[in-house]
Amino acid sequence: MDYVAIEKKWNKIWEDTKLYKFDEKKLDKKFYLLEMFSYPSGANLHLGHWWNFGLSDSFGRFKRLQGYNVFQPMGFDAFGLPAENYAIKTGIHPEDSTRHNIAIMERQLKAMGAMFNWEYEVITCNPDYYKWTQWLFVQLFKHGLAYQKEAPVNFCPSCNTTIANEQVVDGVCERCGSEVIRKNMKQWFFKITNYADELLSGLDKIDWPEKTKTLQRNWIGKSVGAEVDFKLENSNEKLTVFTSRVDTLFGVTFLVIAPEHKLVSKLVTKECEKDVLEYVEKASKKDEITRTSTTSPKTGVFTGSYVINPLTNEKVPVFVADYVISTYATGIVMGVAGHDARDFDFAKKYHLPIKQVIVEKGKKDTALPYCEYGELVNSQEFSGFTSEEAKVKIVEKLEKIGAGRFKTNVRLRYWSVGRQRYWGCPIPIVHCSHCGAVAVDEKDLPVVLPHITDYKPDGKGPLGKCKEFMQTTCPKCGRPAEREADTLDTFVDSSFYQLRYPESLHNNKEIFSREYVNKMLPVNCYVGGIEHATMHLLYSRFITKFLRDIGCLDFDEPFQRLFHQGMVLGPDGKKMSKRNTSKTADDYVNTYGSDALRLHMMFSLKYIDGGIWNDEGLKHIKAFMERVERIVLKWHKEKGDSKNYGSAEKELDYVLNRTIKEVAQNFESFSFNSAVARIMELVNAMYKYDTLKEKNAELMEKTVKDLLVILSPSAPHFTEELWEQIGEKYSIFNQRYPSFDASKIVLDEVEIAVQINSKIVARLNVGSTLSNEEILKIVKNDEKISALISGKTIMKEIVVPKRLVNLIVK
RNA sequence: CCAGGUGUGGCGGAAUGGCAGACGCACAGGACUUAAAAUCCUGAGAGGGCAACUUCGUGUGGGUUCAAGUCCCACCACCUGGACCA
């Protein structure tokens with residue numbers, strides 16, 4: 001069979017007959033299968049694309065055979081930095097290169113012959129798409145979840161632009177090498193933190209990999225603890241600290257405040273002023289990356305002030321130190337050197353006392369073995385409790401004296417969405433000198449991104465230089481006003497795209513029609529890389545919950561089930577690139593055909609884990625396909641005539657039904673390698689049966705047809721062709737996945753292992769329908785076994801049906 | 001440092017607590033062939049034995065269990081994230 005030719009043939013027929021068209025009238029059986037859309041890089045479709053799209057397409061085909069109305073749309077995440085950087089280098093406008101690249105990728109993706117529903121395509125840089133990105137922004141703005149705030153950004157003075165964290169390498173600009181400075185600028189943020197609790201609890205009801213859920217949990221970083229107020233000596237001012245270890249309050253020997261903290265100026269005494277100011281000045285120059293590196297030494301300076309521990313009334317000194325960050329919790333930390341590594345380092349450096357609290361009776365805090373350095377302290381009042389109980393008792397006491405309370409903090413920060421870049425979705429905001437920041441009227445959306453030629457980043461947003469764009473009137477008061485020059489982070493574009501896919505065909509006046517979208521979503525199965533665990537996957541969940549709250553959606557989790565593909569690596573174990581791969585996907589498709597490539601990918605590596613690409617097996621997969629072809633065509637031609645149904649038939653029937661059952665299970669868990677293995681076993685069984693002279697015609701026919709249907713998701717063109725060659729009606733993808741006959745998966749006889757004292761001593765064949773008692777009787781009557789157990793007492797008999805018998809004797 | 005994950009033949013990889021190594025590759029042997037390739041069949045974890053057979057085996061050490069690759073504890077190695085989150 002000429003694989004390359006038949007693939008062209010069937011791709012055309014599938015397209016001409018619109019075989020995979022999604023049926024909007026049958027939404028009760030819909031299955032929304034989504035693969036994370038990709039950035040149009042313009043490179044040739046590489047093996048990674050095949051791995052991602054090809055294999056999830058096989059899953060989609062499997063769901064189709066199960067009778068589902070599969071919705072598998074495709075689109076492009078088209079805004080973003082790479083096109084812009086490319087433009088700065090080559091002078092080709094981002095819009096032109098992006099359109100060009102999309103055209104290339106569309107053509108190649110279509111050539112894959114996958115079931116993509118192209119009529120529903122979305123492209124995030126199209127005004128009819130980003131109209132809704134802006135609509136979403138306006139909703140968030142109206143509900144107080146989008147707002148502007150001064151915040152530090154990385155700024156390269158030589159390139160005159162803000163740059164992303166990833167572009168700062170060792171505190172230096174990646175492109176020009178000059179030192180990056182931190183600069184405060186007004187930035188747009190989304191208050192994702194309002195949903196922190198829900199983002200956490202929602203994880204319990206979705207079918208996602210545990211690993212991904214853990215990543216999100218840690219990222220949100222919920223910390224349960226307490227706030228404690230320390231009164232300043234000789235003043236009414238108090239310093240509030242947050243701690244998750246309030247049970248160590250007896251061990252506090254100092255307090256530490258972040259250099260940027262507002263209260264620092266109030267704490268500093270005359271004698272210490274010079275040192276403190278110097279330290280604060282130095283700290284403000286350090287960028288966050290150096291400051292937060294583990295290796296940097298813990299430095300600080302005494303403020304001259306003391307505070308009173310509300311529980312012990314002890315007087316402890318207050319220090320300023322940059323190991324405390326101002327943005328988390330209260331920006332002030334109590335120093336317990338006996339229980340915290342950082343506090344310990346700090347105390348040693350500045351010769352502060354180290355105290356270790358006996359937190360739990362008879363138990364030392366295992367976190368830090370610092371006892372040798374410090375004094376052991378204990379409290380009569382709280383001894384005898386576990387540390388968790390002590391925490392509660394202590395906070396209750398603090399509450400009574402008005403010096404503390406239970407408190408929960410999250411590490412999750414506001415989502416910064418403003419970008420001082422050209423190639424993104426314009427923020428639909430007008431700045432008016434009278435009304436302030438005003439949202440553009442919904443009826444005036446989209447705010448179209450102008451086609452400008454000077455898109456070089458300038459630190460303020462290149463759109464600012466485009467007068468025609470910037471000059472407008474205030475939607476509220478009608479006075480002349482200016483537009484916002486920033487564009488949106490591309491993660492905003494992709495935070496709701498799964499909602500737009502079903503709607504993109506209809507072009508309604510609303511973002512989506514409520515009834516329809518609530519029937520189409522949530523996405524039943526989402527496939528994509530784990531690298532998006534704490535970005536895209538978190539942002540989409542946030543936006544979905546927000547849209548539910550404003551009454552648009554009836555559900556609050558966008559993706560019911562999630563799978564991550566592993567990565568296909570080059571021979572050097574590194575990510576595939578032009579450097580380490582000599583062959584492209586096209587090379588393989590043109591020699592072996594796409595079905596062989598797909599089957600080989602399915603079989604040779606675990607989908608979830610990925611691994612190093614090896615093309616050696618491709619020729620063997622091709623051989624396997626030829627083996628299938630031979631037996632299928634032979635049995636089709638031969639047509640046995642015997643009607644008898646003996647043990648050989650039973651055996652083949654057994655393998656067939658077991659394969660039907662297990663391949664379905666394997667597909668459901670994305671264990672494609674095992675699914676292919678089971679199909680190979682079936683083919684082996686067919687060859688074994690083929691050696692017989694007398695064959696059962698009905699069984700042969702059923703086996704051939706079932707084999708083709710079972711194999712069709714994994715080798716679509718190949719099986720479609722064979723389906724036609726054996727004279728069946730187009731298309732194999734309108735067939736149903738065969739159901740198995742449970743009674744056929746029962747063998748007449750099974751081999752059981754016989755153990756004496758848990759050691760295997762024999763293997764016996766027994767009837768599979770026998771009861772445990774009958775099996776035991778046979779085992780004990782066996783010559784060899786009875787010899788082994790004669791004269792001994794049987795203490796215990798364990799029978800595992802169809803598996804083994806274990807006799808415990810003495 | 002911290003968190004999470006992984007560890008099974010020469011290789012990719014299978015195993016709801018129940019006969020470890022399915023399936024495939026590489027390997028060896030046989031059939032077909034003048035021959036090779038292809039194809040079909042057979043063998044195969046490692047060690048020992050002519051053999052029947054036997055010992056050891058899922059990173060290391062312990063534990064639970066009649067039974068552990070699988071569950072629990074500790075450790076080692078590798079991979080991936082996060083960076084001082086109080």
Side-chain angles (χ1 to χ4, degrees), chain A residues 209-215 217-219 221-223 225-226 228 241-246 248 255-256 258 288-289 291-298 321-325 327-336 339-343 345-346 409-413 530-531 533-534 566-567 573 600 603-606 609 611-614 616-621 623-624 626-627 630 662 665-666 671 673-684 687-688 690-691 750-763 795-809:
Chain A
E210 251 338 288
K211 192 177 176 174
T212 316
K213 292 192 193 181
T214 308
L215 280 170
R217 282 192 193 105
N218 292 346
W219 186 259
K222 187 172 180 171
S223 170
V228 183
V241 304
F242 173 74
T243 178
S244 59
R245 292 296 308 274
V246 72
T248 64
L255 242 61
V256 191
E288 204 167 321
I289 293 151
R291 227 176 104 171
T292 53
S293 105
T294 329
T295 45
S296 72
K298 311 279 170 289
D322 66 5
Y323 81 83
V324 174
I325 30 187
T327 47
Y328 182 73
T330 64
I332 311 174
V333 171
M334 61 185 209
V336 188
H339 295 271
D340 182 280
R342 292 152 299 164
D343 295 347
D345 289 347
F346 194 77
N409 269 308
V410 289
R411 198 177 322 183
L412 185 69
R413 307 228 191 140
I530 195 168
E531 64 273 15
T534 56
M567 230 195 295
H600 173 59
F603 183 60
S604 71
L605 293 169
K606 291 205 255 196
D609 291 354
I612 292 173
W613 170 252
N614 181 354
E616 234 175 54
L618 257 171
K619 58 173 187 278
H620 309 296
I621 282 291
F624 166 69
E626 284 162 354
R627 192 171 150 85
R630 273 194 301 277
E662 293 191 357
Q665 284 172 353
N666 289 330
S671 308
N673 54 346
S674 295
V676 177
R678 295 291 87 80
I679 295 170
M680 286 173 166
E681 279 170 350
L682 174 60
V683 174
N684 289 347
Y687 270 84
K688 193 176 171 195
D690 192 54
T691 57
V750 285
E751 189 187 66
I752 57 158
V754 181
Q755 299 181 328
I756 291 180
N757 292 337
S758 305
K759 232 180 133 163
I760 294 168
V761 293
R763 290 168 226 275
M795 312 295 292
K796 204 171 175 186
E797 297 163 344
I798 295 142
V799 184
V800 183
K802 290 171 205 170
R803 285 279 177 177
L804 59 74
V805 169
N806 190 3
L807 300 174
I808 308 302
V809 301

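Below, chain A is the first sequence line, B the second, and so on; all start at residue 1. Note that the structure is predicted; figures quoted are calculated from it, not measured.
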Next on the checklist: Taking pairing as Watson-Crick or G-U wobble with both contacts under 3.5 Å, can you name the mate of B:rC27, or confirm there isn't one?
Outcome noted: B:rG43

Checklist entry - Which part of the nucleic acid, if any, lies within contact of A:Glu626, taking any heavy atom under 4.0 Å across all strands shown: a base, the sugar-phosphate backbone alone, or nothing? => result nothing

Item to check | Nearest-Å distance for atom pair CD1/C1', residues A:Ile752 and B:rG18 | outcome: 12 Å

Checklist entry - How far does the C1' atom of B:rA35 sit from the matching atom of B:rC27, given to the nearest Å? => result 22 Å

Checklist entry - So what does A:Leu605 hit on the nucleic acid, given a heavy-atom distance under 4.0 Å: a base, only sugar-phosphate, or nothing? => result sugar-phosphate

Checklist entry - With nearest nucleotides of RNA chain B determined for A:Asn806 and A:Gly611 from heavy-atom distances, which residue corresponds to the more 5′ nucleotide? => result A:Gly611

Item to check | RNA chain B: 5'-proximal contact among A:Asn218 and A:Gly617 (nearest heavy atom) | outcome: A:Asn218

Checklist entry - Within the structure shown, what part of the strands sits under 4.0 Å from A:Glu751 by heavy-atom distance: base, sugar-phosphate, or nothing? => result base

Checklist entry - Starting at CD1 of A:Ile760 and ending at C1' of B:rG57, how long is that distance when rounded to a whole Å? => result 14 Å

Checklist outcome for this item: As its Watson-Crick or G-U partner within any shown strand, both distances under 3.5 Å, B:rA22 has none

Checklist outcome for this item: For B:rA74, the nucleotide meeting Watson-Crick or G-U wobble distances (both under 3.5 Å) is B:rU60

Next on the checklist: Are A:Val333 and A:Tyr323 packed together at the side-chain level, in the sense that at least one heavy-atom pair is separated by less than 4.5 angstrom?
Outcome noted: no

Checklist outcome for this item: Separation of B:rG4 atom P from A:Lys211 atom NZ, nearest Å, is 12 Å

Checklist entry - Looking at the angle O4'-C1'-N9-C4 for a purine or O4'-C1'-N1-C2 for a pyrimidine, is B:rG9 syn or anti, with syn meaning within 90° of 0? => result syn

Checklist entry - Is A:His620 near enough to B:rA26 that one of its side-chain N or O atoms lies under 4.0 angstrom from OP1 or OP2? => result yes

Next on the checklist: I'd like the P distance from B:rC66 over to B:rA15, given in whole Å.
Outcome noted: 28 Å

Checklist entry - Expressed in whole Å, how much space separates the C1' atoms belonging to B:rG57 and B:rC19? => result 15 Å

Item to check | Base paired to B:rG4 (Watson-Crick or G-U; both N/O distances under 3.5 angstrom) | outcome: B:rC79

Next on the checklist: Using the P atom as the point on both nucleotides, what is the distance between B:rG48 and B:rU33, in whole Å?
Outcome noted: 39 Å

Item to check | Interatomic distance at P, B:rU65 relative to B:rA83, whole Å | outcome: 45 Å

Next on the checklist: Any carboxylate oxygen within less than 4.0 angstrom of a Lys/Arg side-chain nitrogen, looking at A:Lys619 and A:Glu626?
Outcome noted: no

Checklist entry - Under 4.0 angstrom, heavy atoms only, what part of the nucleic acid is A:Arg630 near: base, sugar-phosphate, or nothing? => result sugar-phosphate

Checklist entry - When you check the phosphate oxygens OP1 and OP2 of B:rG4, does a side-chain N or O of A:Arg217 lie under 4.0 Å from one of them? => result no

Item to check | Nearest-Å distance for atom pair CD1/C1', residues A:Ile808 and B:rC66 | outcome: 4 Å

Checklist entry - Can you tell me how far C1' in B:rC56 sits from the matching atom in B:rG5, rounded to whole Å? => result 30 Å

Checklist entry - Paired with B:rC84 by Watson-Crick or G-U wobble geometry, both distances under 3.5 Å: which nucleotide is it? => result none

Checklist entry - If the C1' atom of B:rG63 is compared with that of B:rA77, how far apart are they to the nearest Å? => result 23 Å

Checklist entry - Expressed as a whole number of Å, how far does the P atom of B:rU58 sit from that of B:rG21? => result 14 Å

Checklist outcome for this item: Mate of B:rG17 across any strand shown (Watson-Crick or G-U wobble, both atom pairs under 3.5 Å) is none

Checklist entry - Roughly, in whole Å, what's the span from CD in A:Glu797 to P in B:rC66? => result 16 Å

Next on the checklist: Any base atoms under 4.0 Å from A:Ala623, or only sugar-phosphate, or nothing? Heavy atoms, all strands.
Outcome noted: sugar-phosphate

